[in-house]
Structure formats: structure tokens, C-alpha cells
Amino acid sequence: MPLSWNEIKSRSITFSKEWEGETRERAEKDTFWNEFLNIFGISRRRVATFEKAVKKLNENQGYIDLFWPGTLLVEHKSAGKDLDSAFSQALDYFPGLKEHELPRYIITSDFTQFKVYDLDKSQEHFFSLSDLTKNIHLFGFVAGYEKKTFKEEDPVNIDAAYLMGRLHDRLEEVGYKDHDLEVYLVRILFCLFAEDTNIFEKGIFQEYIELHTKEDGSDLAIHLAHIFQTLNTRKEERLTNLDEALDQFPYVNGQLFSESLKLASFDSGMRDMLLDACGLGWGKISPAIFGSMFQAAMNQEERRNLGAHYTSEKNIQKLIKPLFLDELHKEFKKAKGSTKKLKELHEKIASLKFLDPACGCGNFLIITYRELRELEIQILRELNKKGLGYLNIGDIIKVDIDQFYGIEYDEFPVRIAEVAMWLIDHQMNMKVSEEFGQYFVRLPLKKSATILHGNALKTDWKNLISNNELSFILGNPPFYGSKLQSEEQRQDLEEVFGSDVKDAKIMDYVSAWYIKAARYIQDTGITVGYVSTNSITQGEQVGVLWTELLEKYNVEIHFAHKTFKWTNQAKGKAGVYCVIIGFGQDKVKQKTLFEYQEVTGEPHSVVASNINPYLVDAQNVLIRKRTTPLTKVPPMSFGNMPLDGGNLLLSNEEKEKILEKEPALSPYIKPLISAREFLNGQNRWCIWLKDESPKVIKTSSFLLERIKAVKEFRLSSRAASTRKHAETPWLFRDKSNPESFIVIPSTTSENREYIPFGIFDKNYIANNSCHIIPNANLFLFGVLSSQMHLAWVKYVCGRLESRIRYSKNIVYNNYPFPVNATRPNQSKVEKSAQKLLDARMKFSESSLSDLYDPLIMPKSLRKAHTELNKAVDLCYRPQPFPDERRRMEFLFELYNSYIKNKKELVV
């Protein structure tokens, strides 16, 4: 077992005294380095070799004095020799080494002096033998106490996952599958990690495989079975004649090695894979990141995009800090001067219990546990300053992994999560050992996180842990949208919501976790923090979900992150537009909103008096579908659906050819306005025969041919409603053609600062990818084109991916138009709206998509919009609104007053 820092320091003093005055490189250097490694309780024979032969860049043969692959290269010289030249000589060996063999550290020495180079950090340290004890911390990497910083994009996580993935594939190919394979790989993962991080004596797993198994791999499975059995057997219960190489493995317990598995089978290639895996730096693996990668590596398709599968720690911190961590650190700062308060806080954090009901590989639980242990170390450090020395550091470590619970649908992530919690526990134990100078390890494993393999939506969470014991619920449940759910998931959703909840079928799958949590936390102080797609705070879903949460379960939102892009730093990274919502039954006076200027940017926090379901500091407003406008404005409808199989539509070329042959058809071919043509300045045409006599149709062979094709298309449909329209095959399904109308594209980019609306007359036909408002007027056009209306759209409408999806029944019909606008103020809006249209006409050769690109939007157009915004603002109140947040606060209040007073706007 690894030595404590106190023992290491004592041995370093002895070493310094014994080697004082030695100068002979050839005679004594091997003994010098054997004894140097022994300072740390490391057998040189296990980890490093002397005189490693390697080809240098100039093709000459070189010999490395001491080589520990992947970790350390030593170049030793006689006393007085130049150590900088020795460093250059060490670098000359690098071209002859394999990638995974390249060391992080180089040490040059002449017995009396040391130079230590950390190549990763580009740091260099120089000291004499007499000062070795003062600098012994520089060799933490030898003892396994090295301070580790885990980078999300660190290649070692991906390399390790790839190697395990390849081993998985080969085992599966030879017929070793399913549950046995999953447990088997997790056991190997534990062993690889254990021998690199002081759970095992350094190098014993790799050494055993190299020395005790045949190169063809034929007996490897038998030997691994012996290792696993040994790890599950107490020292005193082992056979007295057990091979010494096996007996050196510690008793682990924790049930990881208790289950009897069928014997696997290996060949030489698979043995090489395992040995290659042994050569990786498993001490650098992050349990939070690697777990998800390890899971993905088991699937060949997912492995192609391996780095995209983990949840970045940065995003996990966005949830756990406002959920509980920030408050604990505030308590710690207040407690610093008081032994009593520090001890009370220590007891408190050791009593907290956490549940992730969709835990996957345990990312949220792992990071949460690590942060609690970090805080515990800070508390113990403060207590230690007060002279409360620790005879045995293990006696006063209180935070443990049995405070953590999870539920996961798939079994393999369950096994990974269980092991990953042990791994992070051990990493934190090593940190404690480094901090307090005593070696601390929890072996045999006596406690574990409780991870249930099951369907969280069909599980009674109280059977896992009583809601009187639990402190927090956290995680990021599955994101499946209503149209992407499996039949089983739809049934889960219906079962959770119940038959009495109208429109539950439109909900995203994640919403069921909100309902389950809300029921579970009744009459408790539990706070919940979830990552969700932003769809549950927009569009129709808000009214369904939050009516239940606010009115039936009496919860309130404590904190929230507005929409941001949930992603990571890997290549091919997956990105989802998300929110984070923390809620509970407790009444919280001060709530926190985290806002983003850019969805990929950093948040800034805003104190809120109330956070409503749209994540606005305003009253709790639930906007449901309305079939008629809240105020008296012209009704909105969809444009015209052709329902024609493309036969009533024409391209530019088709139109020109037809009119060449039949110029009399010109009045019946009209410009078609769809969202794409409208925004991108493209031309498309349609045959519009509303109210035309049969005589017109009968005289055109072209029209007859097209109409016949429409009829055949409609008759061939399975839908009765479509077949009915075969009776009038010369007409669109819809026949709206008002004298004038406003066009609203149904979907538009979220990157635009404004939604481009348009005004057209009866010579244009709008199709069903647009909404239209008949009898257009400039005042209505101006209000709809303003930032005031855009703010409402962004918060209230649904989204198609991240794009804005305009809704008649949710957005327009509920929009609180300015009822009390004076005629002078309305006139200002009308004049500003006309200026806006005029500004567009100056750039008629440009599409609206180009004109409204934020990067290149013309100055005159931007100025026209700014003027319009001010004019519209003044229709609501005497002063303009400073920002979007204030606009939404005002609009929600106005909406509530309209609902109560039933006021009407007459335009």
C-alpha cells in the first residue's frame, strides 16, 4: 500500500544522508535510483527499467538510464556534469518512443543536484540533494499523490474509451455478451484504475498479466478470474498456498467482484489490447467524463462521435451551484472563525442525501460528491488550524458515497455509475492523504452509492429512499420530444400525468420527471434541479405542465437558467437548447435568474422576486391556446394549403414556358408567398382559379392536364378529408385571398433581431407555411414588427429546434395589444412602419434574409426599427423599455389585467 507523506518525508531524510558525497555514476547510479523510488514505497522493478535501448533521431542507438513508460525518464550523470546538457540528451530519446510511452517528467541528476522538468506544465525545478525533503512534494506523481486537473477534452479519456470499446467488440465477437460482458468490462476498468491510483500496489495488474499469462492469450481469462476471486476474498480467508503474485492484490469487496460470471475467452490480439490499456495513464481519467464515453464506446456507431457523449462539468456546475453548493460555501465562510459552527457544518454536509432519477453513468452524482468532499477538506483544514490535530484522518472523514442514490433504465450505465463513485471516492481520499500527510484509503469497500436499475417513471422513489431523508433531486432526464417518443415512453407519460390532464400527449418526455418529483417532495423541504429542453417553458407545454406544478402541487421556482446551448468541448459535439430549473415547495424570498446574451455565452445572474414558468421575473402566468384574439384585432389564419401533389405550383421556368404557349392564362397565374420565398427573395407561382368559370379551364389543355393530376393525387390519399377535395381539383384546399394581408413566416431564425413581416395585396397568394392577417393596416403591422411583440414571441411561442415557430393560438391570440394607445401615438407607429417598409425598398435587390442578418443589417433599416420600437413602446407607457426583460415583465402584468377586465383593442 502507498506510504503516507509523513513516512515519505522521513525516508527522504535518510536517503539524503546516505547518499551525501557519492559521485560515481557507473558504479552506483542503479542503486541510487532503486533506493530513490523506495522512498515512496515503489519497487523499481515493477514500474521502470534501467538502460532502455532506443533509436535516437540520428539513427544511433541510445540507452535511457531509467525509464518509466508514460511517466518518467531519468538521465543520470557523474558529479559536476552539466544537467542542462543531460536534459537535451533526454529529449533526443523521444523520437524512438511510442506515443503512449512519452514521459511527462524528466529528471536529471548528478547525485548532488536534481533538475525536475514537468513537460505538461513547462515547469522546471532545481535543488540540491540536501534540499530533497523540502522539495519532496514535486515527486507526488511517483507516490500517486499528484494533484490532478481533469480536462474535459483530455485525450486520455477518449483513448481509454476507444481501447475498452475495441476489447468489448472482440469479446462480443467470440460470444461473450450481455450482462456478463458488461460486468466483466467494469471489473477490468476498476483494476486498470486501481493500479494507477494506489488502490493496488503500482503495476501489479499489468505485471501479473505479462508474467503469468501466455502470449497467445489462451489462459488470460482463467488468470483474470483468479484475480477477480482474490479481490473478493478477505486476506485471512485466502488459501494458504495461494500464489504470492495473486496474494498481493487487496481485498476490495463492494460486491463488484462477488457475482459469478461465465469464463471469457481471449486471443493474442485481445491480450495485447488489455496490455495497451494498462499502459495508459488511468490516474488522469475523470470518472465523470469517462463513464459516458465508456458507455458510448460499447456501441460502434456512437464510438465514431465518442467525445460528444459526455455532459461537461461546466454545465453540471450550472445546476449544482445554485441548487445547494453556493449556499454551503456561504455557510462555510461564516463558520470559519468558530469551531462549533465548523463542526456543525461538517455534520450537515455528511447528512445530505442526493437522488438523480435519470443518472446515466452518474455524472451529476460524481461531481456533486467531489464538491462535497472538497468542502469537507476545507472544513477540516480550518479545524486543523485551530490545533485539533488528527491522529487518524480516517476517523474524521464523514462524507461518503452512501449519501447518493440514482435510478437508471439501462443496466450498463448502472454498473459504470457504481464503479465511478468508488473511483471518485478514491481520488478524493488521495487528496485527503496529500493534504494531511496520512495515507487514507477505504478498503475493503464497505459503502456504495445506491443505483437502481429500473424505469424511474414506474418506480416509487420512496422505496429507494424516503422523502423524509432526501435533501436534493438533480439531473438531466431524457429529452425526447412528443413526436420522437417510443410507444413505451408515451405510455409512461400518460401514466404519470393521468387521464384527467388534458393535452398531456403533447408533452416532452422530461416533463414526467417534473411531475414525479413534485409528488415526491410534497410536505418536505427537498429542492429539485433539472436540466430540460427549453420547450417546457415555451408554447403549449407551459399551460399543461405548469398548471399541474403550480396549482396542484404548489411548487415554486427558486432559480433558473434561461435558454443556453447544452454542449461540451468535443469534436462533433452534440448541442441541445436547454434551461435549468430549480424548484420546491419552500417559499424563497430571493430567487435567481441566470440570463444569457448569447446562447453559447456566459450567464449573468439577476435577483428576482418571482420566476414564472416562462422564466421571467413576473407573476405566474399560464398562457393556453385561444381560438380567438384576447383583444379585438383581425383574426389570424394559416395561408392556403394547395393539397395538390405539386401540380398547382410553378417554377419561374415553367411559368414562362406556359405563358409563351397560352398567354391568356396570365391572370390565373399568381405569385405564391411561402416562408422560404418570402424570406429569401425567391419566385414561385401558383395556378389560382377561384371563382373562375369552367369555360376558362376547358379551353386550356395545360390546365386540364394539371387539374386531372391533382384529382388523381387527392383520390389516392388514405385520408377521407383529402379525397373529398377531389371534387374541386382546380382549387387549393384553402381559398383565402383578401384585398390585403400581413404575412408572418411560421418559422424564422432565432438569430434575427426582428421577425420580418410583410404586407401584400390580393394579387399574391400566401401558402400554408405562413400565417396571414387579412385587411392589413400599418398600425397592426408596426406593433407586430416591434421588439415588444418579438419579446412576447420569443418567450411564449414554441420552437422548432432553436428556430422561432410562430403560433396563432398561443402567440397572436394571447398577445396584449396596447388598448389605451392614443391616436397621436398610433399615428407615430403608422409613420414609423411606413419608414420601415421604405427602408427595405431601398435594398429591393436584397432578400429579407440578408437584410435581417444581424451582421450586415443596413444602418437605415436598423434605424427605422429603432424608431418603430420607441413609437410602439409609447403606446404602452410614457417611457421606452430599457430591455427585453422589462418588456416581458410589463406584458405579463398587462396580460393578467386583460384577462381579468376583458378589455378590447379596436384597430
Side-chain angles (χ1 to χ4, degrees), residues 1-4 7-8 11 34-35 37-48 143-144 176 180 183-266 270-271 274-275 277-278 282 392 394-395 415 418-419 422-423 425-426 429-430 433 438-448:
M1 287 289 101
L3 304 178
S4 70
E7 175 67 16
I8 290 170
R11 290 188 179 199
N34 277 332
E35 294 187 7
L37 291 176
N38 190 52
I39 293 173
F40 307 95
I42 300 297
S43 167
R44 190 276 311 164
R45 185 175 60 84
R46 290 200 186 283
V47 299
Y176 199 75
D180 283 2
V183 176
Y184 202 78
L185 285 170
V186 170
R187 287 180 180 180
I188 290 174
L189 165 65
F190 182 88
C191 292
L192 291 168
F193 183 88
E195 77 165 351
D196 244 5
T197 56
N198 288 347
I199 297 177
F200 296 169
E201 190 175 341
K202 266 194 185 299
I204 62 171
F205 183 67
Q206 181 176 357
E207 181 187 69
Y208 185 93
I209 293 169
E210 287 178 333
L211 299 182
H212 292 79
T213 67
K214 297 177 182 178
E215 288 190 7
D216 65 5
S218 59
D219 61 349
L220 177 55
I222 296 171
H223 282 283
L224 285 174
H226 287 165
I227 292 174
F228 297 159
Q229 180 178 307
T230 304
L231 291 168
N232 192 52
T233 307
R234 299 175 190 275
K235 284 278 187 179
E236 61 272 19
E237 295 174 359
R238 295 177 181 178
L239 299 175
T240 56
N241 63 346
L242 184 67
D243 189 315
E244 184 181 340
L246 279 172
D247 197 38
Q248 65 188 328
F249 285 97
Y251 170 51
V252 171
N253 194 22
Q255 298 186 338
L256 174 59
F257 298 98
S258 61
E259 183 182 356
S260 178
L261 303 177
K262 75 179 179 184
L263 207 61
S265 179
F266 290 80
M270 296 159 76
R271 180 178 181 272
L274 184 54
L275 287 172
C278 290
W282 288 86
N392 182 359
D395 292 340
R415 305 296 161 230
E418 290 170 342
V419 172
W422 282 321
L423 301 188
D425 179 56
H426 183 71
N429 293 340
M430 291 297 95
S433 301
Q438 297 179 24
Y439 178 68
F440 173 54
V441 64
R442 283 173 170 148
L443 277 182
L445 301 172
K446 295 179 180 177
K447 296 181 179 180
S448 62

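In what follows, every heavy atom counts, from backbone to side chain, and hydrogens, waters and symmetry copies are set aside.
- Ring pair Tyr184/Tyr176: centre-to-centre distance below 6.0 Å.
- For Arg415 (side chain) and Leu185 (main-chain N/O), no donor-acceptor pair under 3.5 Å exists by modelled atom type.
- For Glu237, the CD atom sits in a packed shell: over 12 heavy atoms of surrounding residues, nucleotides or ligands are nearer than 6.0 Å.
- The ring-ring contact (aromatic ring centres under 6.0 Å, His included) test with His223 is passed by exactly one of Phe249, Tyr208, Phe205: Tyr208.
- Closest approach of Ser265 to Ala221, counting heavy atoms only: N-CB, 4.2 Å.
- Nearest heavy atoms, Arg187 versus Leu261: NH1-CD1, 3.4 Å.
- For Gln229, the CD atom is loosely surrounded, since the number of other residues' heavy atoms within 6.0 Å does not exceed 12.
- The two residues Tyr251 and Leu231 have their closest heavy-atom pair at CD1-O, 3.5 Å.
- Counting only heavy atoms from C-beta outward, the side chains of Met270 and Leu220 never approach each other to under 4.5 Å.
- The distance from the CG atom of Leu37 to the OG atom of Ser43 is 8.5 Å, given to the nearest 0.5 Å.
- Here the CG atom belonging to Leu275 is positioned 6.5 Å from the OG1 atom belonging to Thr213, to the nearest 0.5 angstrom.
- Between Ile188 and Phe228, some side-chain heavy-atom pair lies under the 4.5 Å cut-off.
- The two residues Leu246 and His226 have their closest heavy-atom pair at CD1-CB, 3.9 Å.
- Rounded to the nearest 0.5 Å, atoms CG (Leu274) and CD1 (Ile209) are 4.0 Å apart.
- Atom CG of Leu256 is separated from atom CD of Glu418 by 8.5 Å, given to the nearest 0.5 angstrom.
- In this structure, Asp247 contributes its side chain and Leu242 its backbone to no donor-acceptor pair below 3.5 Å.
- When all heavy atoms are compared, the tightest approach of Val47 to Ile42 is CG2-CG2, 3.8 Å.
- A donor-acceptor pair under 3.5 Å is absent between the side-chain atoms of Gln206 and the main chain of Gly203, judged by distance alone.
- Surrounding NZ of Lys235 are more than 12 heavy atoms belonging to other residues, nucleotides or ligands, all under 6.0 Å away.
- To the nearest 0.5 Å, atoms CD (Gln248) and CD (Glu201) are separated by 6.0 Å.
- Formation of a donor-acceptor pair under 3.5 Å by the Glu195 side chain with backbone atoms of Ile204 is found in this model.
- Here the shortest heavy-atom pairing between Ala264 and Phe266 reads CB-CE1, 4.0 Å.
- Under a 3.5 Å cut-off, the side chain of Asn38 and the backbone N or O of Asn34 do not form any donor-acceptor pair.
- Note that the CZ atom of Phe190 and the CG atom of Leu423 stand 7.0 Å from one another [nearest 0.5 Å].
- Put simply, the side chain of Arg238 gets close to the backbone of Thr233: a donor and an acceptor are under 3.5 Å apart.
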